[in-house]
Each structure stands twice: as C-alpha cells, then as structure tokens.
> 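Quick one: the structure is below, and I'll ask about it shortly.
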Amino acid sequence: MNKTLGNVFKGDKVIWMVFFFLCIISVVEVFSASSELTYKGGSYWAPMLKHIGILLLGIFFMVVTLNIQCRYFKLLTPFLLIISLVTLVWVVVAGSATNGAQRWISFFGMQFQPSEIAKGTLVLATAQILSAMQTDKGADKNAFKYVLWTSAIFIVLIAKENFSTAVLLGAVLVMMMIIGRVPMRQIGMLMGVVMLVAVGALSFIMLVGHENEAVDANRTLTEKRIPAGAQTEKKEGASSFLFHRADTWKGRVLTFVNNRDIKPSEVDLDKDAQTAHANIAIASSKVIGKGPGNSEERDFLSQAFSDFIYAIIIEELGIAGAVFVALLYIILLFRTGNIAMRCENNFPAFLAMGLALLLVTQALFNMCVAVGLVPVTGQPLPLISKGGTSSMINCIYIGAILSVSRSAKKKKDAGRQPEVQQAVEDSLSAKA
C-alpha cells in the first residue's frame, strides 16, 4: 500500500502537503461562497461537485506532468508558443465576451482562456532562454533581447482584454531575468521604458474612458446579478474595438485613487459594491471569524467564489485563516527555491522558480485586492478560487514543480549537512 502511494505521490512531500491544504480550503470555501450560483442554478450541491470534478481532473493532469522527466519540457516549448499565439489572436478576433471582457474561446465544446496557457508557456520559454545563455559572469547580454522579443507580442495580446494578467506576467518574467543574472543595466532600462509606457497608457485611459460609464463599469455585477461565465454583448460606440475596456480601467483607477475613509452610513453599496462588501466581510469577521459556511457577505459580494474569495476566507476563518492561507503560498515559494538551489542544471531551476513566482505573485495580487491595497484586477486566488481553465493549468504548474523536484539532476553536495560538506572539503584540501 505504501509503495503504491509512493508511486503516485512522487516528488517533494512539502509541495504535496501545501497543494492538498489549498485544495481542502478551496472545496470548503467555494462550497460556502457559491450561494449566487446555487440560487441561479437551483442546485445546492452542483457548484461544489463541479468544482471538485475540475480539481480531480487537475490532479490527474498534475500526476501525469510530474511523471514526465523535466528535461522533456523543452520539447514542448515551440508547440506551446504556436498554440498560445494562435489562440490569443483567435480570442482577440472572435472570442466570447464574459462580464465585459473578451477572454474566452470555445474548442470542441470546451471553453478556456488562452492567457492561462500563455502564462506558463512564456515562463517555460524564458527558462529555456536563460539557461541556454548562462556564462560564468551571468546571462549573456543577448538573453535579454531574446526574452523581450519572445514575450512582447504575447503580453500585448493579453493586455488588450486582461491588463492585470499582462502586468502580472511581465513582473514574473522580470523576476526570472533577475534570478537568471541578466545584466541589471538592461533590466533598469526596461523598467524605465515600462514606467514611461505605463504613464502614457494611464493618461490615454483617463482621456479615452468615459467617466459616467467608468463608474457604471466598476459597480460590478451585483446590481445586474449576471452569473459568472454568462456571455455578454460587446459594447460599441463609446469604446473602440481596441480600447473598449478603457471605461472599466478608468473606473477602477478612479475608485482606487478616490478611496477614503467614510462613515458606514455613507457607504454606497450600489457604487463600488465589490469593494464595499469585501470590506464588510473582513470587518465582520471580528478577528476570530464566523466559522466555515457562516459567511453573510457571500450573498451580496459578486464573484465571492472567485476574485474575492479571500475576503470570504477572512470572514469565516478570521485572521488566523487569512495568515494560514498566505503562509501556504510563502512555503510554496521558499520550498520551490530550495528545490531550485539543489538543481545542477539551470533550466529546471529557472522553470520551477518561474512557475512558483507566477502562482505566488497572482495570489499576492488577489489578496491585496480583497483587502483594498490595490485596484480590482479580476485575478482569482490560485488553487483556491472556483475556476475551470485556471484551476487545471495551476495543477499542471504544481506538477511541473514536482517533476523538477523528482527528476532534475541534483548537485553532488545537495542534501549534505553543512558540517559533513565542510569535512569533505577539508579532506579534499588535505589530500591536495
């Protein structure tokens, strides 16, 4: 029995433990936060059972992925780049609009977000470029150019409909280049250009976006009660084909910039409903939480099972639950760093760290949105929020990290205690 389990649960056991804790929290909190879907679907169990089914399918793909030798991932890079590019262009031209954003495409009856595939693909491609161009003094200066050329077109295509995902992905790639020892002068120049582009883009959004429509766009779907996944018509007239999201972006910026402490009696729950109800959920937790399944704001908070599930976690599990969830992601990042440090070759190390950074950075975005530290971004909480494509892809990311922990060639001194390693070095020095 133990041997059978060992054949299934291969790889780093700490990563497995973190993954299962996140899955357990996900099932409990999605079940609790899906009251809106329960009301609209007429079934109390259907949302949770569907979510469990997606998680089980994700675990299957994860087990398949972890059993693949990590060196073979390189063979997938060109195919995934082509698939990502084709699907991103497809979604721009003929994608399905959901909640005002054209992010989905249907393929053989299955609906998915190409950006989820593109994120992992760019991390894989960047890891391969950085590993192939390492020298004794760090990455060759041409590595920066190749990473930029490879990622620029994908990030631009993603940014049109999902700006926050493009920003997140760009930040992860920059962190990977820092880890890959790309010359800081090049990274500094890139940051300067990015800042100039960001200022220009923000100015353009504030000019093009219509303030009244921006406010309406940022009221979310609480008032309209549009179910997640429902297709909505693309708005014409006020917004062009390229910048029809300008109103929404402007609304989110204005809401965040104009945020101020006001009396509870003065809160407008029709305007800025997500932020207001998220704050109510956090404040009503009273530190210790109301207990699993006892959330009240889940009935009023749009996307409570997805974008704002962290607020529901705080409401039900209190500060301790919020800290525990954040700690799980921190453990995932540091444990993956430990795995990467033991790798003898650069590619698996860069790949594992890139995927961990992708998951943890997205989690940080989501948690900061829930507590009001950054504008609303629409990023789900990885491995916890209810989702289809994102949940399965995130499971595959974990599988790739486990594959690295299992199959990547280890350094000769990996796993030795410092005292033992020092004794070996002293012995070799004495013989010399």
Side-chain angles (χ1 to χ4, degrees), residues 61 73-129 145-174 176 190 193-194 197-198 200-201 204-205 208-209 228-249 354-355 358 362 377-380 387-394 396-397:
F61 287 130
F73 292 151
K74 293 181 179 181
L75 303 177
L76 298 175
T77 304
F79 301 103
L80 290 176
L81 285 172
I82 294 172
I83 292 172
S84 298
L85 182 59
V86 170
T87 54
L88 285 174
V89 173
W90 183 358
V91 79
V92 169
V93 175
S96 300
T98 300
N99 299 340
Q102 192 170 316
R103 302 174 181 173
W104 302 80
I105 60 175
S106 296
F107 188 70
F108 287 109
M110 297 179 61
Q111 199 176 47
F112 67 95
Q113 293 189 63
S115 60
E116 294 295 330
I117 300 174
K119 288 191 299 185
T121 299
L122 285 184
V123 168
L124 177 61
T126 301
Q128 193 164 344
I129 293 170
K145 178 175 61 177
Y146 294 144
V147 172
L148 205 60
W149 285 355
T150 303
S151 60
I153 186 171
F154 292 92
I155 292 178
V156 169
L157 288 172
I158 293 172
K160 179 186 176 296
E161 296 293 338
N162 201 340
F163 184 74
S164 60
T165 295
V167 172
L168 182 149
L169 180 57
V172 169
L173 296 182
V174 169
M176 288 185 68
L190 175 63
V193 173
V194 168
V197 172
F204 182 80
I205 288 169
V208 172
Q231 295 185 3
T232 57
E233 294 181 0
K234 290 183 282 187
K235 185 170 61 177
E236 304 291 345
S239 304
S240 66
F241 172 74
L242 291 177
F243 304 106
H244 70 93
R245 295 274 292 165
D247 296 340
T248 301
W249 293 337
L355 294 176
L358 190 61
Q362 182 174 326
T377 61
Q379 292 294 327
T389 308
S390 60
S391 295
M392 287 188 285
I393 295 296
N394 289 334
I396 292 174
Y397 293 162

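Note that the coordinates shown come from a computational prediction; the quantities given were computed from them, not determined experimentally.
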> Spell out, as yes or no, whether a donor-acceptor pair under 3.5 Å connects the side chain of S84 to the backbone of L81.
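Between the backbone of L81 and the side chain of S84 there is no qualifying donor-acceptor contact (under 3.5 Å).
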> Taking side-chain hydrogen bond (donor to acceptor under 3.5 Å, both in side chains) as the test, write out the residues that go with S390, two or more places apart.
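If we apply the side-chain hydrogen bond (donor to acceptor under 3.5 Å, both in side chains) test to S390, skipping adjacent residues, there are no hits.
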> Just checking I153: does its CD1 atom have more than 12 heavy atoms from other residues, nucleotides or ligands closer to it than 6.0 angstrom?
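No, because the 6.0 Å sphere around CD1 of I153 holds 12 heavy atoms or fewer from other groups.
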> Working to the nearest 0.5 Å, report the span between NZ of K145 and CD1 of I129.
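Here the rounded value is 11.5 Å.
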> How close do I155 and G170 get, heavy atom to heavy atom, and via which atoms?
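Answer, listing the atom of I155 first, then G170: CD1-CA, 4.1 Å.
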> For the side chain of Y397 and the backbone of G120, is there at least one donor-acceptor N/O pair under 3.5 Å apart?
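Looks like yes, one N/O pair under 3.5 Å.
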> Of all the heavy-atom pairs spanning S151 and L173, show the shortest one and how long it is.
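Reported closest heavy-atom pair: CB-CD1, 3.5 Å.
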> Does any part of the side chain of L358, heavy atoms only, come nearer than 4.5 Å to the side chain of L168, both counted from C-beta?
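Side-chain contact under 4.5 Å: yes.
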> Test of understanding: with side-chain hydrogen bond (donor to acceptor under 3.5 Å, both in side chains), list the residues that count as partners of T126, not counting sequence neighbours.
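Per chain and number, T126 pairs via side-chain hydrogen bond (donor to acceptor under 3.5 Å, both in side chains) with no residue.
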> Can you check whether T87 reaches I117 side chain to side chain, under 4.5 Å on heavy atoms?
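They are not in side-chain contact.
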> For residues 115-124, which residue pairs pass the salt bridge (Lys or Arg N to Asp or Glu O under 4.0 Å) check, not counting sequence neighbours?
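Qualifying pairs, neighbours excluded: E116-K119.
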> Could you verify whether a donor N or O on one side chain and an acceptor N or O on the other, from S115 and T165, lie under 3.5 Å apart?
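Not at all, the side chains of S115 and T165 share no donor-acceptor pair under 3.5 Å.
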> Quick one about Q379 and S164 (side-chain donor to acceptor, distance below 3.5 Å, no hydrogens or angles considered), yes or no?
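Per modelled atom types, S164 and Q379 side chains form a pair under 3.5 Å.
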> For L355 and V123, work out which heavy atoms get closest and say how close.
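Smallest interatomic distance, heavy atoms only, reads N-CG1, 3.8 Å.
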> How long is the span from the OG1 atom in T77 to the CG atom in L124, to the nearest 0.5 Å?
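Reported value, rounded in 0.5 Å steps: 3.5 Å.
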> Could you give the distance from CG (L80) to OG1 (T121), rounded to the nearest 0.5 Å?
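Here the rounded value is 4.5 Å.
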